[in-house]
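The next block holds one structure in the form of structure tokens; read it before the comments.
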Protein chains: 2
Amino acid sequence: MKEDKIIHKQIEPLLAYFQNLIPLNKEEKQLVCDLFKPRLYRKRQYVLQEGDVCNQFNFIVRGCLRMYKVDDKGNTHIVQFASENWWLSNIGSFHERKPSELNIDALEDTMVLQISHDNLLTLYIQAPKFDRIFRVLIENSFISLQKRLLQNISSSAEERYLSFIESYSHLTNRIPQTQIASFLGITPEFLSRLRNKQTKKS
Amino acid sequence: MKEDKIIHKQIEPLLAYFQNLIPLNKEEKQLVCDLFKPRLYRKRQYVLQEGDVCNQFNFIVRGCLRMYKVDDKGNTHIVQFASENWWLSNIGSFHERKPSELNIDALEDTMVLQISHDNLLTLYIQAPKFDRIFRVLIENSFISLQKRLLQNISSSAEERYLSFIESYSHLTNRIPQTQIASFLGITPEFLSRLRNKQTKKS
DNA sequence: ACTATATCAATACTATTTCTTGACCTAGTT
DNA sequence: AACTAGGTCAAGAAATAGTATTGATATAGT
């Protein structure tokens, strides 16, 4: 049957990503194509809103998302940015099926491939290889989260900024500095001063 | 019990709206509070996308939505605008549980109170007074739709524009003229010329 | 006193969105 | 044949929204 072979083009970056971790056979590829759905979010659009349960696991094909918390005073604190070939979801809310206290929205028009909670379970059952793939993927997230935490509790704003532009060089010119400030936990004004200082140095 | 009295503040405009049609008792108010959920849509965000079933009946607390169709050529035709204290839903899709061929999105950041299809049925059963309220509300929508249709088939673009600014004076300076043009069924350029002509008159 | 940071207000700058205009086209009247 | 009600396309102008910088002043901890 021909149907077997219908693999939608938009899925390719994701297949390439998996392929890079562990080779997939035809059936596994087909599963991925069936269970992940492409979706476009426009700049500023919510992907996940506080209070809703996170029901999708998102792989970013192009664009950029942020996950953040709004505190009681109305200040936003960015937990994570994610751009091409990264994953973003509120893992806690996703797995425990509980309302999210974090928001996710788009900093640019963003194309994601998303798999629902149910479909992810199906995927694990039908192709246990994905248990491993998703373990690796979560491990990676965990590692970078831990790194970020460590940085946060041990460094000055300036050090954190320097480290940010090193780790996220592809994002520094792409997202507004207000956002970077909110990620670093400082005010935009202070970030502006840090930058000023840096440019004077060179 | 205290719980009885917990009425979320955001619901008030809706209670006021109902109250204005028919007085509600405590239990009815409580039902409204339990069954309607507040939700914020940001500018350009979809409230309903073509192909999805419309599952929410929306009351607008603040902001402005539009409902429109995109034709085969990619042109958009606005069926309806809705701002504060108006209702907007694709009633056909909502009641017949069929995929919508219309889109709804936000022209401004918009706060709505929404009730799901299931919850609306519950509401009707638990408080039959709402049968009447919603009948009135649908009648109002019907009347303004008919008026619009009549206008459309019987008037020139200029007359339609004049009538628009009369009926929707609160919106004329609030939404872009591209949108008004699309509502009137003319090009933005032509609308611009009509406006030009008007100002010259006075 | 000094450093790292915050707040507030004003200003400057940039990018995006919206509006207008000119030039030209078309189909249906008069 | 000329007129009217509209349309298309491209360019530019104007308005608005979003972003970045700067100065002045404040605070808490070393």
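Side chains are part of it too, since the values below use all heavy atoms of this structure and drop only hydrogens, waters and symmetry mates. Chain identifiers are assigned alphabetically (A, B, ...) following the order of the sequence lines, protein sequences preceding nucleic acid strands; residue numbering begins at 1 within each chain.
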Salt bridge check: are [X] and [Y] linked by an N-O gap of less than 4.0 Å?
| X | Y | result |
| --- | --- | --- |
| B/Glu139 | B/Arg135 | yes |
| A/Asp105 | A/Arg44 | no |
| B/Arg174 | B/Glu84 | yes |

Options C/dT17, D/dG6, C/dA6, nucleotide nearest the side-chain atoms of A/Ile186: C/dA6
Selection from C/dT7, C/dC19, C/dT5 that lies nearest to any side-chain heavy atom of A/Phe190: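 Of all the options, the side chain of A/Phe190 is nearest to C/dT5.
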Would you say [X] places a side-chain N or O within less than 4.0 Å of OP1 or OP2 belonging to [N]?
| X | N | answer |
| --- | --- | --- |
| A/Asn196 | D/dT21 | no |
| A/Arg195 | D/dT21 | yes |
| B/Ser192 | C/dC19 | no |

Overall bend - the helix from C/dA1-D/dT30 to C/dT30-D/dA1, comparing terminal axes fitted on five pairs, nearest 10 degrees: 10°
Protein-nucleotide distance ([X], atom [atom1]; [N], atom [atom2]), rounded to Å:
| X | N | atom1 | atom2 | answer |
| --- | --- | --- | --- | --- |
| A/Lys197 | C/dA4 | NZ | C1' | 9 Å |
| A/Asn173 | D/dA20 | CG | P | 11 Å |
| A/Glu158 | C/dT3 | CD | P | 13 Å |
| A/Lys43 | D/dT19 | NZ | C1' | 10 Å |
| B/Asp109 | D/dT16 | CG | P | 17 Å |
| B/Glu159 | D/dG6 | CD | C1' | 14 Å |
| B/Glu108 | D/dT16 | CD | P | 14 Å |
| B/Gln198 | C/dC19 | CD | C1' | 17 Å |

Pair A/Asn103-A/Arg66, side-chain hydrogen bond (donor to acceptor under 3.5 Å, both in side chains): steps then yes or no: CA-CA 8 Å; A/Asn103 301 276; A/Arg66 91 231 238 238; over 6 Å; no
Shortest non-hydrogen contact between A/Lys197 and A/Glu158, atoms and distance: NZ-OE1, 2.9 Å
Which atom of A/Phe130 lies closest to which atom of A/Glu28, heavy atoms considered: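 Here A/Phe130 and A/Glu28 meet closest at CE1-CB, 4.2 Å.
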5′-ward residue of the pair A/Asn75/B/Glu189 relative to DNA chain C: A/Asn75
5' priority, DNA chain D, between A/Arg193 and A/Gln177 [closest heavy atom]: A/Gln177
Sugar-phosphate only, base, or nothing, as touched by B/Thr178 at under 4.0 Å among non-hydrogen atoms: sugar-phosphate
Touch class at under 4.0 angstrom, heavy-atom based, for B/Leu191 against every strand present: nothing
Min side-chain heavy-atom separation A/Val112-A/Val47 under 4.5 Å: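 Result no, sub-4.5 Å side-chain heavy-atom pair not found.
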